[in-house]
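Proteins come first, then strands; the chains are lettered A, B, ... in the order of their sequence lines, and each starts at number 1.
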Amino acid sequence: MRISLDTETTGLDLRHGARPFLVTTAFEEDSQVYTDYWGQWPVDPYTRKVRARCSDLVKIQRWMDDATEYVFQNPKFDLTALSLLFADYGMTFRWDWSKVRDTLLAGHLLKSNQPHDLTTMTLVYLGINVQPYEDEIKRCTVECRRMAQGRNPQYNWRIAKEDSPKDPRPEMPSAKGETWKNDMWLPSYVAKVMDYHQDHEYRIACVDYSVSDSDSTYRLYGHMEQLLKERGLWCIYQERLKLLPVVYQMEQYGVTVNKARLRKLRDEYLAESGKAGSTCLRIAKDYDYNLQLPKSGRNGSLTKFVFGSQYLGLEPYETSDKTGDPSLNKRCKEHYEVALDEGSPAYEFITNLGAKTKRDTALGYMASYERYWLPMSFPDGVEFNVLEMANGKPGIHTRIRQSDTWFRLHPSLNATGTDTLRWSSSNPNEQNISKKEGFNLRYGFGPAPGREWWSGDAKNIELRIPAYESEQQELIELFEHPDTPPYYGSTHLLNFHTVYPDIWDAALKKVGLEKVGPYCKNIYASSWYQYCKNGGFAVQYGAIEIEGKEGTADKAFHRLGSHAKLKARFDKLEALNNGWIAVANDCGYVETLPDKTVDPDRGYPIWCSRSRHGHVKPTIPLNYHVQSTAMWWMMKAMIRVQAYLDDLNAVEPKYFMVCQVHDELVFDFPYRPNKGNMPKIRKLRRLMEQGGDDIGLPTPVAFTYHPETWATGESIL
DNA sequence: CGATGTAGCACC
DNA sequence: AAACGGTGCTACATCG
């Protein structure tokens, strides 16, 4: 029998203590959909702890065991929630991944650029509007919250609020915005306290809402299953389902963070930011201006000082598309640093402002890591015995002291979080941890004692895909012969030669074919070579070139006509781009390269939004196709690798995949002297590279060894 | 006071 | 009509 399940929880931060207080289900009998529920268990209003009934938990387990398929909207969340709740009661929640179905994965596959929340999908696919249920529970919850906050709170209940120094909420670091959503347990509690009658709205609003979600999930899945089959997407969906246990285990294990190292960075940045800020204030004071420095970005005070004619009076370099205000972003600061006289007040001000902003951003990230991290008892925790009461009786219990140095983050990973196949990551985001020189926040991350990290990244995968697909020989040659001069496998150098032939030829005369590439890279490191890298990325991400005009790419290359030269040299790439634009305009989506082990005839459809005039932006189709193909490859890599790790972990869990940043995978392994894990790493590399066979091009993977920190490492393979 | 939009910056 | 793709997070500014 197929069932659907939905849980309502006291918040999203399950690992910080949020728990389900209501579990609802839907199922079918004689072509009729029925619903049922367990809970709503009482929530302690002072601690927000859920008091579940063990007999209910047993029933839920049995209900799951008896089902042949369980449907969830985002299974990872509900399964984690139930697991943790069961664990609170010394019970183990069990489920069978092969029975798990997901309306979220199905929704993305059916229409990648459409919202995948349950309310929207229920409206779109079933024509049912469940918004009234949400409106009702919102109204009830907000009413009840008023009893506990405001000017005259009657009770001292711990309602959800955004964390703040005045009123800290360490148990709900992600609470912000619509915080009422964390308090849906409150109406039934109030009804109980007030002894309201059994049918009072406070007693039923949450159950009605949740039951409606279970019902929607059940019906939605039946509908989606049919659509996926009709549209020939069933095989792809089944392959995608294999991701669920992989993501689950990654989130569960998390990444380890070193507090001492992060604090060291913090102290450095704090000092430097303070110094740069004082310099800015001093310069402003010289103009008799009382500058209010923003904590990040800009504020009115700063804008007035920088652009006001009576103060620094800088000419705007770029303006905002939306507001037309002069911009002060990184590009602009870089421009002013070149254009202004070194030593002038304006120059000093801009450089110091840039230095401050960068550091403040890093400081903000570090603060968020501290908000989210959790203590870990492994590995330098020490066992000790204590006398404790348990079940009303005293006894000696073994406890493990928590580490003072090592903490763990569990970023939330969303495999359907983007319009493409890229994942999103949040709370905190693990995909934007700086690796800039001098700002390498990855220094704070790495293997805990007794462990070691390895990272594997797909070499240049987003350039390889279009190169092989279009059969652009120069690029294929480049990738196949990474040790051959003059480019040594570097697309930047190939671009350099193409865009700046005069500079290249002069260097060639001077140092010869063997050395011309490295020479250009070295002596033009912060000028032409850097511009070339910037321009190359602009082109890779789909910059548009219009004849005779300086587009973004030419601007980045610092030379008019650069983009035209690249397009002429890489004519097949250009044809591929035009081909995908035509496909997107024709049918509304592009597809990833077909995977011959899944469906040799078609790939994953990635929908491209259209403008009001019905056309797809020409910068989108190739980019979506390439980005998503790379991520399909990554998905295959993760599924294969996890299967291998599961084998290794059959006896004792030791080998973990812990992080994914688009084309990079990070592994946390037990430490082995003399790189004793190398055979396993070679196996990982083979498994990852196997994805290339599936989509028909070579996809080499490079591995780096990180025995100490993620910031530094040794290239091994 | 909360919600919303914008800018800026970190990643690939 | 617009022309560089995909994200998340924080602070600032504004509005009701």
* When you compare dT6(B) with dA2(C), how far apart are their P atoms, in angstrom units rounded to a whole number? -> 15 Å
* Span that lies between the P atom of dA3(C) and that of dA7(B), in whole angstrom -> 14 Å
* To do: Describe, in one word, how the ring planes of His335(A) and Tyr317(A) are oriented to each other, choosing from parallel (under 30°), tilted (30 to 60°) and perpendicular (over 60°).
  =>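 Because their plane-to-plane angle is under 30°, the rings of His335(A) and Tyr317(A) count as parallel.
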* **Tyr604(A) and His108(A) aromatic ring geometry - parallel, tilted or perpendicular at 30°/60° bounds** =>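 Judged by the thresholds at 30° and 60°, the geometry between His108(A) and Tyr604(A) is tilted.
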* Counterpart residues, side chain to side chain donor-acceptor pair (under 3.5 Å), relative to Ser425(A) (two or more places apart) ->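 Applying side chain to side chain donor-acceptor pair (under 3.5 Å) to Ser425(A) gives Asn429(A).
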* **side chain to side chain donor-acceptor pair (under 3.5 Å) against Thr699(A), all qualifying residues, sequence neighbours excluded** => Trp633(A)
* To do: Using a strict cut-off of less than 4.0 Å between a Lys/Arg side-chain nitrogen and an Asp/Glu carboxylate oxygen, indicate whether Glu370(A) and Arg263(A) qualify as a salt bridge.
  => yes
* Thinking salt bridges, do Arg146(A) and Glu143(A) make one under a 4.0 Å N-O criterion? ->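 No salt bridge links Arg146(A) with Glu143(A).
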* salt bridge (charged side-chain N to carboxylate O under 4.0 Å, His left out) pairs, two or more places apart, involving residues 412-425 of chain A -> Arg422(A)-Glu462(A)
* Give one of base, sugar-phosphate or nothing for Arg610(A), where a contact means two heavy atoms less than 4.0 Å apart. =>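 Nothing: the residue Arg610(A), judged by heavy atoms under 4.0 Å, touches no strand.
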* Asked: What does Asp360(A) touch in the nucleic acid at a heavy-atom separation under 4.0 angstrom: a base, only the sugar-phosphate, or nothing?
  -> nothing
Using distance only, find each side-chain donor-acceptor pair of residues 565-575 of chain A under 3.5 Å and give its atom names and separation, not counting sequence neighbours.
from, atom 1, to, atom 2, distance (Å)
Lys567(A), NZ, Glu545(A), OE1, 3.2
Arg569(A), NH1, Thr498(A), OG1, 3.0
Asp571(A), OD1, Gln472(A), NE2, 3.4

* To do: Any chance you could list the contact pattern along nucleotides 1-10 of chain B? Use B for base contacts, S for sugar-phosphate-only contacts and - for none, protein heavy atoms under 4.0 Å, 5' to 3'.
  => --S--SSSBB
* Where chain A begins and ends its contact with DNA chain C, read 5' to 3' at 4.0 Å from heavy atoms ->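 In short, chain A contacts DNA chain C from dA1(C) to dA13(C).
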